[in-house]
Amino acid sequence: MTHRITVRGMKKLSDSSSTNLTTRAIDAVDRTHARIAMRLHDIRNDVLDSVKHGIDRAETITTNLFKRARTGVDRVDHVSADAVNRAQGAVGQAIERARLARATPAEVVVV
């Protein structure tokens with residue numbers, strides 16, 4: 001003997017209203033999933049843009065620092081080359097004076 005149990009208020013899944021409710025629920029989850037995925041992509045793009053902007057800014061700052069360093073090195077090179085040339089000229093003049101003094105006879109003072 002088999003007994004059949006029926007519960008009042010419960011509908012079978014094959015009922016059209018139950019299927020319609022399930023379909024609506026799946027559609028709602030699908031829409032929510034799409035919105036969340038879109039929002040996550042927006043957040044990801046915002047973070048990526050911020051990081052890229054930071055990298056570009058750091059690159060600009062670093063480039064400017066290197067340009068200033070090169071300019072400073074060029075100035076130091078110019079000043080040091082000028083100093084070497086002046087020292088070379090001073091030594092050259094001293095040598096010429098020494099040669100000239102050696103070539104002319106000195107006055108002899110006899111006491």
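- A salt bridge does not link Arg31 with Asp27: none of the charged nitrogens is closer than 4.0 Å to a carboxylate oxygen.
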Evaluate the criterion salt bridge (charged side-chain N to carboxylate O under 4.0 Å, His left out) for residue pair Asp82 and Arg86; output intermediate values, then yes/no.
CA-CA 6 Å; Asp82 190 41; Arg86 285 182 184 184; 3.4 Å; yes
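- Contact check for Arg39 versus Asp42: side-chain heavy atoms found under the 4.5 Å cut-off.
- Atom CD1 of Ile26 sits about 14.0 Å away from atom NE2 of His33, to the nearest 0.5 Å.
- Partners of Asp49 according to the salt bridge (Lys or Arg N to Asp or Glu O under 4.0 Å) rule, which considers only residues two or more places apart in sequence or in another chain, do not exist here.
- The distance from atom CD1 of Ile61 to atom CZ of Arg57, rounded to the nearest 0.5 Å, is 4.5 Å.
- Qualifying side-chain contact (heavy atoms from CB on, under 4.5 Å) partners for Thr63, counting only residues two or more places apart in sequence or in other chains: Glu59, Lys67.
- Residues Leu100 and Arg97 fail the side-chain proximity criterion, which asks for heavy atoms closer than 4.5 Å.
- Between Ser80 atom OG and Asn85 atom CG the span is 9.5 Å, to the nearest 0.5 Å.
- The CG atom of Asn45 sits 11.0 Å away from atom CG of Leu40, with the distance rounded to the nearest 0.5 Å.
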